[in-house]
Amino acid sequence: MKNKIVVITGASSGIGWATAESFSKHGAKLILCGRRKEKLKELSLNLSTQSHILTFDVRDRKAVFDAFETLPDEWKNVDILINNAGNAHGLDPVQTATLDDWDAMIDGNVKGLMYVTKALLPKMIKNQKGHIVNLGSIAGKEVYPNGSVYCSSKFAVDAFTQGLRIDLNKDGIKVSAIHPGLVHTEFSEVRFKGNQERAAKVYEGIEALTAKDVADGILYMTQVPKHVNVADLVLLPTRQANAYISNRKK
Ligand code: NAP
């Protein structure tokens, strides 16, 4: 991992933040992406290796391509892309969910991830090496009530991952996805639009995964030998059986 150049989208919080910390401890140089510049600066100051900050909204196609275009030459040969940026917006049935929430999820979790991938691919293909790790979810394996569009976005990430692996097979680039169950991050606060009480209930009595648990999974996937690809990794809290069955402590 030493001196590898690693792009992490959504590094300003949760899984992305923890992944940046883990990779930095292992000697990686990090390109930290997100919309909240202040958070990225705070993270950058805490890392023991070099980092470069890119601030853009993954939904903004031009901003994504412009951001990677501006990378200084010494940052251009990216070894690993961790496509982590994404969120759920709302938890509602189709009948009452808002179109704005749907747009945020489809445009961010799906199209945004595709734009970032497309922006970084030419160099990886030229170098005939690289590893792309996409953040899917258990929601991309099973559909749960009131999650139709978030689940759709993560099923799309799963399909895109599989398709990309086929397309890049001849180029020696690894393509993988990690699919966590419940992880305690800002995720539920964003989903419930800042309602902290409702967000806290999601994690009650379940001993959710920590962002570091997921970061450890990603680190494992990116450290196996060159001839091995951990293509798909589902990571659940022990108390969670699937997307909707959990054994919560009373
Ligand atoms: P989080 O703490 O809310 O972090 C989400 C990150 O994504 C933030 O850094 C945010 O940065 C970034 N982001 C969101 N929308 C963006 C946009 N339009 N443009 C650029 N950056 C954007 O949540 P998390 O749990 O770490 O989530 C990370 C990933 O894991 C997501 O893809 C999520 O779907 C997936 N996941 C989470 C869970 C869970 O239970 N938490 C489970 C399975 C999968 P800015 O706000 O600074 O832009």
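Every number for a ligand or one of its atoms is a count from 1 in the order of the listing.
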Open item on the list: Please determine whether any non-hydrogen atom of Ala211 lies less than 4.0 Å from an atom of ligand 1.
Closed with: no

Task: Shared hydrophobic cluster, Leu236 / Phe155 (ILVMFWY, side-chain heavy atoms < 4.5 Å) - done: no

TODO: Considering only NZ, NE, NH1 and NH2 on the basic side and carboxylate oxygens on the acidic side, decide whether Arg36 and Glu186 come within less than 4.0 Å.
DONE: yes

Task: Phe160 with Leu233, same ILVMFWY side-chain cluster at under 4.5 Å - done: no

TODO: State plainly whether the residues Lys212 and Asp216 are in salt-bridge range, i.e. N to O under 4.0 Å.
DONE: yes

Open item on the list: Quick check on Lys39 - does any of its heavy atoms sit under 4.0 Å from an atom of ligand 1?
Closed with: no

- [ ] State, without any angle test, whether Thr161 and Asn134 hold a side-chain donor-acceptor pair at a distance under 3.5 Å.
- [x] yes

- [ ] Please confirm whether Val183 comes within less than 3.5 Å of ligand 1 when only nitrogen or oxygen atoms on both sides are compared.
- [x] yes

Open item on the list: Quick check on side chain to side chain contact (heavy atoms under 4.5 Å, CB included): which of Ile173, Asn229, Val6, Asp79 does His131 satisfy it with?
Closed with: Asn229

Open item on the list: How far is atom 10 (C) of ligand 1 from the closest protein heavy atom, and which atom is that?
Closed with: Ser12 OG, 3.9 Å

Task: Numbered atoms of ligand 1 (with element) below 4.0 Å of Arg59, judged on heavy atoms - done: 18 (N)

- [ ] Would you check whether Lys154 reaches within less than 4.0 Å of ligand 1, judged by its heavy atoms?
- [x] yes

TODO: Check step by step if ring pair (Phe, Tyr, Trp, His ring centres under 6.0 Å) holds for Phe68 and Phe56.
DONE: CA-CA 10 Å; Phe68 290 110; Phe56 59 86; 5.6 Å; yes

TODO: Specify the protein heavy atom at minimum distance from atom 5 (C) of ligand 1: its residue, its atom name, and the distance to 0.1 Å.
DONE: Gly86 O, 3.5 Å

- [ ] Quick one: look at Trp17 and ligand 1, take heavy-atom pairs under 4.0 Å, and tell me if it's side chain, backbone, both or neither.
- [x] neither

Task: atom 14 (C) of ligand 1 - nearest protein heavy atom and its distance - done: Asn87 OD1, 3.2 Å

TODO: Heavy-atom contacts with Gly14 under 4.0 Å: which atoms of ligand 1 show up? List them by number with element.
DONE: 2 (O), 26 (O)

- [ ] Quick one: look up the protein heavy atom nearest atom 23 (O) of ligand 1 and list residue, atom name and how far away it is.
- [x] Thr185 OG1, 3.5 Å

Task: ligand 1 atoms in contact with Leu135 (distance to a heavy atom under 4.0 Å) - done: 30 (O)

Open item on the list: To check your reading of the model: name the closest protein heavy atom to atom 28 (C) of ligand 1, its residue, and the distance in Å.
Closed with: Asn84 OD1, 3.1 Å

Task: Side chains of Val7 and Ile80 in contact at under 4.5 Å (non-hydrogen atoms) - done: no

Open item on the list: Using the rule given for side chain to side chain contact (heavy atoms under 4.5 Å, CB included), can you reason through Leu32 versus Leu54, listing the C-alpha separation, both sets of side-chain angles and the distance that settles it, and then say yes or no?
Closed with: CA-CA 6 Å; Leu32 307 169; Leu54 291 179; over 6 Å; no

TODO: For residues Val228 and Gln223, determine if any side-chain heavy atom of one lies less than 4.5 Å from a side-chain heavy atom of the other.
DONE: no

- [ ] Output yes when the distance from some N or O of ligand 1 to some N or O of Val58 is under 3.5 Å, and no in every other case.
- [x] yes

Open item on the list: Is it true that, when you exclude Lys37 itself, more than 12 heavy atoms of the residues, nucleotides or ligands shown sit nearer than 6.0 Å to its NZ?
Closed with: no

TODO: Report yes if some N/O of Ile15 lies less than 3.5 Å from some N/O of ligand 1; otherwise report no.
DONE: yes

Open item on the list: Under 4.5 Å between side-chain heavy atoms, counting indirect links through other Ile/Leu/Val/Met/Phe/Trp/Tyr residues: same cluster for Val183 and Leu91 or not?
Closed with: no

- [ ] Could you tell me the residue and atom name of the protein heavy atom closest to atom 48 (O) of ligand 1, and the distance to it rounded to 0.1 Å?
- [x] Arg35 NE, 2.6 Å

Open item on the list: Taking distance alone, with N or O pairs closer than 3.5 Å, would you say Tyr203 contacts ligand 1?
Closed with: no

TODO: Flag the pair Asp101 and Arg191 as a salt bridge only when some basic side-chain nitrogen lies within less than 4.0 angstrom of an acidic carboxylate oxygen.
DONE: no

Open item on the list: Do Thr19 and Glu21 have side chains that approach each other closer than 4.5 Å (heavy atoms only, starting at C-beta)?
Closed with: no

Open item on the list: Out of all atoms in ligand 1, which are within 4.0 Å of some heavy atom of Arg36? Include the element for each.
Closed with: 8 (C), 11 (O), 45 (P), 46 (O), 47 (O)

Open item on the list: Does the residue Ala139 have a heavy-atom contact with ligand 1, meaning some pair of atoms that are separated by less than 4.0 Å?
Closed with: no

- [ ] Give the atoms of ligand 1, by number and element, whose distance to some non-hydrogen atom of Ser13 is under 4.0 Å.
- [x] 1 (P), 2 (O), 4 (O), 8 (C), 9 (O)

TODO: Determine whether any heavy atom of Gly181 lies closer than 4.0 Å to an atom of ligand 1.
DONE: yes

Task: Protein contact of atom 12 (C) of ligand 1 - nearest heavy atom, named by residue and atom, plus distance - done: Gly10 CA, 3.6 Å

Task: Nearest protein heavy atom with distance in Å, relative to atom 43 (C) of ligand 1 - done: Pro180 O, 3.2 Å

- [ ] Determine whether the side chain, the backbone, both or neither of Tyr150 has a heavy atom under 4.0 Å from any heavy atom of ligand 1.
- [x] side chain

